[in-house]
Amino acid sequence: MGTLYVIATPIGNMGDLSFRAVEVMKTLDLLLCEDTRVTGGLLKRYGLTVPMESYREQVHERKLAGIVGRLEEGKAVGLVSDAGTPGISDPGSWLIRDILRLAPETKVIPIPGPSAAVTALSASGLLTDSFVFLGFPPHKKGRSRFFREAMEEKHTVVLYESPHRIVKALDAVAEIDPNRPICLARELTKMHETFYRGTVTEVKGKLLAGSLKGEFVLLIAPVDKK
Ligand code: SAM
């Protein structure tokens with residue numbers, strides 16, 4: 001049975017690919033990625049030539065059968081997402097689950113590296129002994145309930161939000177508790193990396209005074225440990 005390497009890649013700064021990730025990639029028979037153009041750029045930067053396939057392009061079941069076939073032949077298959085750790089709020093997790101369902105003997109080896117959630121947490125200044133990661137809030141149905149529950153958490157809450165909805169997310173938090181300490185991490189590891197810290201009301205003011213472009217991680221202090 002083959003090996004599936006779950007490989008974390010940079011979330012912005014191309015220098016954040018680990019030495020081990022590079023060494024493993026050199027040995028792969030196949031690298032599964034979300035978008036071959038995105039991953040192709042990373043491979044080029046490191047002078048790597050690895051056969052790539054997008055796991056998004058074809059109907060899931062057909063694609064899955066092909067991947068499992070390669071693993072059954074004993075091949076070394078890598079899995080990356082566009083950025084960060086595969087499976088953390090991106091399509092990697094269903095792929096790993098389904099591979100293990102069809103080929104439970106597959107050896108799955110994680111090659112750790114950046115993830116936006118943990119990167120943001122590490123520099124947030126909020127309590128990080130325990131935290132809950134909630135991924136992306138729902139767009140419409142269930143959104144207000146999502147924020148109500150998040151605001152009741154006894155642990156630091158970490159969530160992802162798109163630039164189009166980040167102000168709305170801050171409004172949802174402020175509506176429940178305008179004085180709740182938060183940290184908003186923008187464009188982590190990139191040129192315009194910014195940490196906005198303070199109450200949600202203060203952070204919204206700072207954000208609106210700057211740029212709303214980029215990628216965001218929102219961290220909310222626990223309800224009773226401000
Ligand atoms: N698997 C990735 C990881 O491990 O972080 C996350 C993939 S998810 C589809 C993409 C979201 O992660 C973005 O919408 C944003 O909320 C967050 N994100 C990714 N890169 C980021 C960065 N450089 N700065 C801030 N947030 C980032």
Side-chain angles (χ1 to χ4, degrees), residues 4-18 20-21 24-25 31-39 41-42 45 54-57 60 78-97 108-126 128 131-140 143 146-147 150 156-173 182-197 200 203-204 206-207 210-220:
L4 179 69
Y5 292 95
V6 181
I7 307 169
T9 59
I11 55 170
N13 189 317
M14 294 280 230
D16 288 336
L17 188 69
S18 77
R20 186 175 171 215
V24 165
M25 283 202 202
L31 180 58
L32 300 167
C33 44
E34 285 186 78
D35 184 332
T36 51
R37 284 165 304 181
V38 172
T39 302
L42 181 69
R45 162 82 188 252
S54 166
Y55 52 85
R56 284 196 142 172
E57 266 163 19
H60 175 189
L79 169 68
V80 294
S81 52
D82 280 351
T85 300
I88 309 301
S89 282
D90 63 38
S93 59
W94 60 253
L95 191 61
I96 300 165
R97 180 201 60 191
V108 182
I109 299 183
I111 309 296
S115 181
V118 174
T119 305
L121 259 176
S122 71
S124 67
L126 298 177
T128 55
F131 61 89
V132 285
F133 175 64
L134 298 180
F136 286 95
H139 293 179
K140 287 190 180 123
R143 190 169 167 93
F146 173 94
F147 280 104
T156 296
V157 169
V158 185
L159 56 92
Y160 289 161
E161 188 55 294
S162 76
H164 318 289
R165 292 189 196 85
I166 192 64
V167 175
K168 277 189 185 158
L170 296 181
D171 285 340
V173 172
I182 67 163
C183 173
L184 184 62
R186 173 175 165 257
E187 293 287 82
L188 289 161
T189 77
K190 302 183 196 175
M191 189 193 288
H192 297 292
E193 178 178 85
T194 318
F195 284 89
Y196 301 100
R197 301 182 182 89
V200 59
V203 167
K204 185 182 162 188
K206 290 177 197 172
L207 179 67
S211 167
L212 290 175
K213 285 193 195 141
E215 298 191 279
F216 292 92
V217 182
L218 173 58
L219 306 105
I220 307 171

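We use all heavy atoms of the structure for the numbers below, so side chains are in, but hydrogens, waters and symmetry mates are not. In listed order, ligands and their atoms are each counted from 1.
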* T9 side chain to I7 backbone, donor-acceptor under 3.5 Å -> no
* Asked: Should you measure from each heavy atom of G84, which atoms of ligand 1 turn up under 4.0 Å away?
  -> 3 (C), 4 (O)
* **Structural part of K190 in contact with ligand 1, heavy atom criterion under 4.0 angstrom** => side chain
* Write down the atom of A150, the atom of L134, and the distance for their closest heavy-atom approach. => CB-CD1, 3.8 Å
* **Nearest non-hydrogen partners of L184 and I166, listed with the distance** => CD1-CD1, 3.7 Å
* Under 4.0 Å, heavy atoms only, figure out whether ligand 1 is touched by the backbone of F216, its side chain, both or neither. => backbone
* **Heavy-atom nearest neighbour in the protein, as seen from atom 13 (C) of ligand 1, with distance rounded to 0.1 Å** => E215 OE2, 3.5 Å
* For atom 18 (N) of ligand 1, which protein heavy atom lies nearest, and how many Å away is it? -> A116 CB, 3.4 Å
* Under a heavy-atom criterion of less than 4.0 Å, does V217 contact ligand 1? -> yes
* Ignoring angles and geometry beyond distance, decide whether T85 reaches within less than 3.5 Å of ligand 1 through its nitrogen or oxygen atoms. => yes
* To do: Pull out every atom of ligand 1 sitting under 4.0 Å from any heavy atom of E161, numbered as shown with elements.
  => 16 (O)
* To do: Report yes if some N/O of L188 lies less than 3.5 Å from some N/O of ligand 1; otherwise report no.
  => yes
* Any donor and acceptor pair, going by atom type alone, linking the side chain of E34 with main-chain N or O of D82 inside 3.5 Å? -> yes
* Asked: Got a donor-acceptor contact below 3.5 angstrom from the R143 side chain to the P138 backbone?
  -> yes
* What is the minimum heavy-atom distance between L79 and Y55, and which atoms define it? -> CD1-CE2, 3.2 Å
* Asked: How far apart are the closest heavy atoms of D90 and T85, and which atoms are they?
  -> OD2-O, 3.6 Å
* **Non-hydrogen atoms of N13 and T189 that approach each other most closely** => N-OG1, 3.0 Å
* To do: Looking only at protein heavy atoms, identify the closest one to atom 9 (C) of ligand 1 and say how far it is in Å.
  => S89 O, 3.1 Å
* Based purely on interatomic distance, does G12 place a nitrogen or oxygen under 3.5 Å from a nitrogen or oxygen of ligand 1? -> no
* Heavy atom of the protein closest to atom 6 (C) of ligand 1 (residue, atom name, distance) -> I88 O, 3.3 Å
* Asked: What protein heavy atom is closest to atom 1 (N) of ligand 1, reported as residue, atom name and distance in Å?
  -> D90 OD2, 2.7 Å
* Asked: For atom 10 (C) of ligand 1, what's the nearest protein heavy atom and its distance?
  -> F136 CZ, 3.9 Å
* Atom indices of ligand 1, in the order listed, that fall short of 4.0 Å to a heavy atom of A83 -> 1 (N), 2 (C)
* Nearest heavy-atom neighbours spanning R197 and K206 -> O-NZ, 2.6 Å
* Asked: Would you say Y160 and ligand 1 have an N/O pair spaced under 3.5 Å apart?
  -> yes
